[in-house]
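Inspection log for the structure reproduced underneath, given as C-alpha cells.
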Amino acid sequence: MSTLVFGHKNPDTDSVVAAIALADLKKKLGEDIAPAAQGALNPETTFVLKKYGVAAPQVVTSYAGKDVYLVDHSDLAQSPDDLGQANILGIVDHHKLGDVTTGQPLECWIWPVGCTCTVVASMYNYMNVEIPKDIAGIMLCAILSDTVIFKSATCTDADKKICEQLAKICGEKNLDALGIEMFKVKSAVEGTPIRELVFRDYKDFKMGGKGVGCGQLELVDLSIVDGIKAALEKDIRDLKAEKGHHTVLLMLTDIMKEGTELLVASDDESVVEKAFGVAPKNGKAWLPGIMSRKKQIIPFLEKVFG
Ligand code: MN
Ligand code: MN
C-alpha cells in the first residue's frame with residue numbers, strides 16, 4: 001500500500017502541486033508514494049497542469065488506515081474527516097500551526113513563506129535532487145498564485161529566489177505575463193454556479209467557539225463580478241444560515257488595484273470594523289492593500305473573536 005500526500009479541502013493550485021512535487025521528491029528518495037487531492041481541481045489548477053503536461057492526482061476523500069503526508073495545511077477543519085485513523089508521516093506547510101496532532105514523531109517542514117511549493121523546492125535542493133522541468137513549471141505557477149505574483153503580504157525573498165531557480169529550469173522568461181495569464185483563468189466567473197464561486201477558495205474557522213467562514217475570489221478586475229455581486233451577497237447569507245455560523249465573509253480581491261472588497265454576512269457586523277477599522281455599508285467594505293486572507297484577515301478576526 002503506497003503512502004498518499006494531499007493538501008487541504010477545496011484544493012487550490014498550491015495544495016495540488018505541492019502534493020505532486022512532494023510525491024515526486026519522496027519517490028526519488030525511495031518511498032512508495034502517490035499524490036492525491038481531497039476534491040475536484042479548480043480551473044486555475046487544471047490550466048496549470050495542462051500547460052506543463054502534468055497528470056492530475058487522484059481524488060481521494062477517505063484516508064483511514066493509510067500512511068500520509070499533509071501539505072499546505074495542518075488544521076483538522078481542512079483535513080479529511082477520517083484523518084484520525086491515518087498515520088501522519090509528515091507535514092509540509094506555510095500556514096500557522098493548526099490543531100493536527102500525531103501519535104508518532106513526524107517529519108515537519110513549516111516555514112513562514114508565501115507558498116508550500118517554496119518549501120518543497122527547497123527540500124529538493126536540500127536533498128540534492130534535481131527538479132524536473134515540468135514540476136518546476138507547476139511549482140512556479142503555484143508560487144505566483146499563492147503570492148499573487150509577488151504582491152501578497154505573505155511573499156518573502158525566499159519565494160522570489162526559488163522562483164528565479166524554477167523559471168530557469170522550466171525556461172519561463174516573463175513571470176508577470178505568466179501570472180496574469182493564470183489569474184485571468186482564475187478570474188473567469190461566467191457559467192459558474194454562484195455557490196461554486198463562493199466555495200472556490202473557501203475555508204471554515206472556529207474563533208472563540210464561533211463558526212466563521214471566509215472565501216476569496218482573486219480577480220484581475222473587480223468589475224468582473226459587478227453583474228453577480230448581489231447573488232454572491234445573498235449566497236453568503238444563505239451559507240451562514242446553513243452552517244449556523246456567526247459570520248461568513250467573501251473577499252473580492254482586485255489583484256491589480258491591490259485591495260479587497262469584503263462582502264459580510266454576520267450576526268454582528270461590528271466585528272469587521274473592530275478587525276479592520278472600516279465599517280461595512282450595506283454588507284460591504286473596501287479594504288485597501290488587503291490581499292491575503294492568511295496574513296491580513298484571519299489573525300485580526302481571531303483577535304476580535306478572542
Ligand atoms: Mn492553499
Ligand atoms: Mn499555500
Side-chain angles (χ1 to χ4, degrees), residues 5-23 25 35-49 56-57 59-60 68-80 83 90-100 108-123 135 138-156 158-160 162-163 166 179 182-183 185-186 197-205 213-218 249-251 253 255 291-299:
V5 46
F6 58 88
H8 54 73
K9 283 180 177 157
N10 299 316
D12 58 7
T13 299
D14 186 27
S15 266
V16 172
V17 171
I20 293 170
L22 187 63
L25 172 63
Q38 289 195 64
L41 308 194
N42 69 32
E44 181 198 62
T45 309
T46 304
F47 166 82
V48 166
L49 295 187
V59 172
V60 180
V68 299
Y69 287 94
L70 272 52
V71 294
D72 201 30
H73 73 294
S74 68
D75 270 307
L76 288 172
Q78 321 291 340
S79 298
L83 186 72
I91 300 172
V92 182
D93 190 21
H94 68 122
H95 294 82
K96 77 176 177 68
L97 186 59
D99 48 5
V100 167
C108 211
W109 300 68
I110 303 179
W111 292 3
V113 293
C115 182
T116 309
C117 284
T118 298
V119 186
V120 179
S122 304
M123 290 171 74
I135 303 265
I138 60 175
M139 284 203 287
L140 177 62
C141 286
I143 299 171
L144 290 173
S145 173
D146 259 17
T147 66
V148 195
I149 323 177
F150 308 132
K151 289 183 203 176
S152 170
T154 59
C155 185
T156 67
D159 298 297
K160 291 181 192 162
I162 287 290
C163 277
L166 296 173
M182 216 171 50
F183 274 98
V185 175
K186 195 177 210 174
L197 291 173
V198 169
F199 272 160
R200 183 169 282 173
D201 179 8
Y202 175 90
K203 286 178 182 169
D204 280 318
F205 301 87
C214 184
Q216 183 174 28
L217 289 174
E218 286 165 321
L249 304 170
L250 183 62
M251 300 171 66
T253 300
I255 70 160
M291 301 176 79
S292 166
R293 175 176 54 200
K294 186 192 298 130
K295 205 156 180 171
Q296 296 172 300
I297 296 285
I298 300 307

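Just so you know, ligand 1 is whichever comes first in the structure, and atom 1 is the first atom listed for that ligand.
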Donor-acceptor list for residues 113-122 side chains, cut-off 3.5 Å, not counting sequence neighbours:
residue, atom, partner, partner atom, Å
T116, OG1, D14, OD2, 2.9
T116, OG1, D72, OD1, 3.0
T118, OG1, D159, OD1, 2.6
S122, OG, T118, O, 2.7

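- Protein N/O/S atoms found under 2.8 Å from the Mn ion (ligand 2), listed by chain and residue number: D14 OD2, D72 OD1, H94 NE2, D146 OD2.
- The side-chain hydrogen bond (donor to acceptor under 3.5 Å, both in side chains) check on R200 picks up nothing, with sequence neighbours excluded.
- Using a 4.5 Å cut-off on side-chain heavy atoms (C-beta onward), M123 and L25 make contact.
- One distance of note links CG of L70 with CG of D93; it measures 8.5 Å at 0.5 Å rounding.
- Rounded to the nearest 0.5 angstrom, I255 CD1 and L217 CG are separated by 12.5 Å.
- Taking F47 as the reference, nothing meets the ring-ring contact (aromatic ring centres under 6.0 Å, His included) condition, with sequence neighbours excluded.
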